[in-house]
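Structure, as C-alpha cells:
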Amino acid sequence: MGYKDDIPKLAAEVAEQKKKRNAIILVHNYQRPEVQDLGDFVGDSLGLAQEAAKTDAELIVLCGVDFMAETAKLLNPEKVVLLPEDRALCPMAQMIAPDDVVELKAEHPGAVVVSYVNTPADVKAVTDVCCTSANAVKVVNSIPPEKPVIFTPDRHLGAYVQRETGRENMIIWNGLCPTHALMRAEDVLRAKEKYPDAEVVVHPEAPMEVIELADAVRSTSGMLRYCGETKASTFLIGTEIGMLYPLKKKCPDKEFVIVTGELVCPTMKMTTLRSLRNALRDMKYEITVPDDVASAARKSIERMLEIGRGRAG
Ligand code: SF4
C-alpha cells in the first residue's frame, strides 16, 4: 500500500492524536491538499501568525516551513510549537543572516529595517518591523517618508513594494524565492494565448516582468478574496501550485490554471499526513528560540500586527 492508500487511516490517527493533545493544526496554503484538509486554519503567513497569536490550544502544530513555526513560537513562548518536518527550511529565509542586517544598518544610519517574515528569528531580532506579502505595502507606508528603508530578504517583493509606494529611499537585499523566481513573462504570455479571457493573478514574490503583466498582485489570502469577488471565470495563477487547491475549494465553478507547472516548492511538499501524525504522536520537532533572540524578534512581529490593526504609525 502506498501513501495515497494510507491517507484515510492517517487522517483518523491525526484526528485522534490532535484531540488527545489539545492541539491546533495551522496549515499554509501551499501544503499538500490532504494536509490542508486537516487544518483548523489554512492561510498565508499573516493569517498563520494572527491565528497563532490568539489560540487557546496547548500545542500548536505548524504545517509549513521553519520561519512560520518560529513565528508561532515567538507569539506563544509558553506553548509547545511543532514543525512536523525538521528539513522544511525555506531557502529564502537562509539568504540573509543577522550580520548582514547589522552591516546594512551601519552603512545607512537612521534607516528602518523591514524584514519579510520569511527570515530566521535571529534576523527578526535585528529588524524594526516585519511584514508579509499581504501587508508589506502598508508596513512600508507606515514609515515616515524621510527615513530610508532597508528591506530584506526578497528583492522581488522589495521591488514590488517600491513600485507601489513610490518610495525611492529603499535599500533592498538580494534574496529571492527560488520557486516564484522561476516565472517568466513568456510563461504568462503563452498561458494568455491559450486562455485569452483569463485574469492573471500573481504573488508579489514574482519577478517584475511577470508582475507587469498581471491584472492583480496578491498574497495567497488576497488571491482567494480577489478570485472569489471578481466576475471572471478563469484565472491564470502565478504562485506555488498548492494554491490551486484552496482556490478551487472556495470557487468550485471557476477555473484556475497555473502559469507554469514548474511552480512547486519542494520544502512545502515535505510535510505529509505521516509526518503530521508522527509529530503529534511523538511530539516532534519542537521549535525553540533562545530567550534573548525571542524577545527582540517578538517586538518586530508584534509591531507588524499592530500596524495591521491600525494602532501603529
Ligand atoms: S515558496 Fe518560496 S518563500 Fe515559500 S517556503 Fe518555498 S522557497 Fe520559501
Side-chain angles (χ1 to χ4, degrees), residues 26-33 35-36 39 42-49 52 61-72 81 83-97 114-121 123-124 127 130-136 151-161 172-184 187 201-208 210-211 217-224 237-247 258-272 275 285 287 301 304:
L26 305 180
V27 182
H28 191 270
N29 283 318
Y30 297 158
Q31 291 282 291
R32 294 164 181 265
V35 176
Q36 294 193 31
V42 183
D44 62 2
S45 302
L46 179 61
L48 295 175
V61 186
L62 199 309
C63 299
V65 295
D66 53 342
F67 71 83
M68 297 172 181
E70 267 189 358
T71 303
V81 176
L83 180 69
E85 278 294 338
D86 63 346
R87 300 163 302 144
L89 309 175
C90 166
M92 185 204 284
Q94 314 302 314
M95 291 180 188
I96 186 145
V114 178
S115 291
Y116 198 15
V117 282
N118 303 31
T119 43
V123 169
K124 290 185 176 81
T127 287
C130 286
C131 71
T132 69
S133 56
N135 63 19
F151 190 93
T152 84
D154 184 5
R155 69 170 186 251
H156 294 308
L157 179 61
Y160 171 70
V161 170
I172 301 172
W173 190 250
N174 200 20
L176 49 73
C177 163
T179 302
H180 286 88
L182 289 172
M183 274 182 278
R184 291 285 167 266
D187 297 319
V201 187
V202 306
H203 194 277
E205 286 174 22
M208 190 50 77
V210 171
I211 286 182
V217 181
R218 295 286 188 279
S219 69
T220 54
S221 60
M223 283 184 187
L224 280 166
I237 300 297
T239 192
E240 209 276 344
I241 199 162
M243 190 59 205
L244 296 187
Y245 186 67
L247 281 167
I258 200 84
V259 160
T260 155
E262 294 169 74
L263 299 181
V264 180
C265 171
T267 316
M268 278 285 181
K269 301 299 183 244
M270 283 178 183
T271 306
T272 61
S275 30
Y285 293 92
I287 299 294
I301 296 170
M304 168 187 82

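If you read the sequence from its start, that first residue is 1, and numbering goes on from there. In each ligand, atom 1 is the first atom listed, and ligand 1 is the first ligand listed. Side-chain atoms are counted along with the backbone in the values below, which use heavy atoms only and exclude waters and symmetry mates. Every value quoted in this text rests on a predicted model; they were computed, and no experiment measured them.
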### Task
Determine whether any heavy atom of His28 lies closer than 4.0 Å to an atom of ligand 1.
no

### Query
What are the two closest non-hydrogen atoms of Gly64 and Met268, and how far apart are they?
CA-SD, 4.2 Å

### Query
In total, how many protein N/O/S atoms does one find closer than 2.8 Å to atom 8 (Fe) of ligand 1?
1

### Summary
closest protein heavy atom to atom 4 (Fe) of ligand 1 is Tyr30 CE1, 4.3 Å

#### Entry: Heavy-atom pair with the smallest gap, counting every atom of Arg184 and Ala181
NH1-O, 3.2 Å

### Message
Using side-chain heavy atoms (C-beta onward) and a distance below 4.5 Å, is Thr260 in contact with Leu182?
### Response
no

### Message
side-chain hydrogen bond (donor to acceptor under 3.5 Å, both in side chains), that's the test. Do Ser45 and Thr132 meet it? Break it down for me.
### Response
CA-CA 7 Å; Ser45 302; Thr132 69; over 6 Å; no

#### Entry: Donor + acceptor pair across side chains of Thr239, Tyr30 (<3.5 Å)
yes

### Query
So do the side chains of Leu224 and Pro246 get within less than 4.5 Å of each other, counting heavy atoms only?
yes

### Query
Do Met304 and Val117 touch side chain to side chain, with heavy atoms closer than 4.5 Å?
yes

